[in-house]
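We count residues from 1, following the sequence as given.
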Amino acid sequence: VTEFLFSESNTRFVIEVEPRFQSQLEKLFEGQPFIPLGRVSASENVQIRNGHQPLVDLPWSQLFQAWHSPLDWA
């Protein structure tokens, strides 16, 4: 699960596109490794799933605090 959530490299990119442009984006990257990761919703929670298995379902504010707290020295 940790690798799934935090695996990064300088050869991977996250691109946000409006749903109406998704097929055009997929055509641009045809032949390249490409996978849709998710979608933006109006929910207050970030939801991450592995298939149908929930991995994360927490409020943005709680996740931001967890990410920011090691840097919050003041």
Side-chain angles (χ1 to χ4, degrees):
V1 173
T2 303
E3 296 86 15
F4 179 76
L5 293 174
F6 299 106
S7 178
E8 297 180 14
S9 77
N10 60 359
T11 61
R12 296 181 190 157
F13 301 93
V14 175
I15 301 171
E16 183 179 334
V17 65
E18 292 182 36
R20 63 188 171 124
F21 297 122
Q22 181 176 343
S23 63
Q24 290 174 302
L25 182 69
E26 290 175 355
K27 286 179 188 175
L28 286 172
F29 286 93
E30 191 173 345
Q32 301 300 316
F34 177 85
I35 185 169
L37 292 176
R39 63 178 191 247
V40 176
S41 73
S43 173
E44 293 291 323
N45 283 13
V46 173
Q47 299 175 339
I48 301 173
R49 293 186 171 95
N50 184 6
H52 294 290
Q53 178 185 4
L55 301 175
V56 174
D57 189 358
L58 296 168
W60 275 108
S61 58
Q62 186 176 343
L63 295 170
F64 176 82
Q65 183 61 35
W67 169 80
H68 190 262
S69 62
L71 306 173
D72 193 8
W73 298 329

Table please: side-chain donor-acceptor pairs of residues 13-23 below 3.5 Å, with sequence neighbours left out.
{"unit_1": "E18", "atom_1": "OE1", "unit_2": "R20", "atom_2": "NE", "d": "2.8"}
{"unit_1": "E18", "atom_1": "OE1", "unit_2": "R20", "atom_2": "NH2", "d": "3.2"}
{"unit_1": "Q22", "atom_1": "NE2", "unit_2": "E26", "atom_2": "OE2", "d": "2.8"}

Mind listing the closest non-hydrogen atom pair of P54 and H52 along with its distance?
CD-O, 3.2 Å
Among all residues two or more places apart in sequence or in another chain, which pass the ring-ring contact (aromatic ring centres under 6.0 Å, His included) test with H68?
F64
Hey, could you give me the CD/NZ distance between Q24 and K27, rounded to the nearest 0.5 Å?
7.0 Å
Here the gap from L58 atom CG to Q47 atom CD, rounded to the nearest 0.5 Å, amounts to 10.0 Å
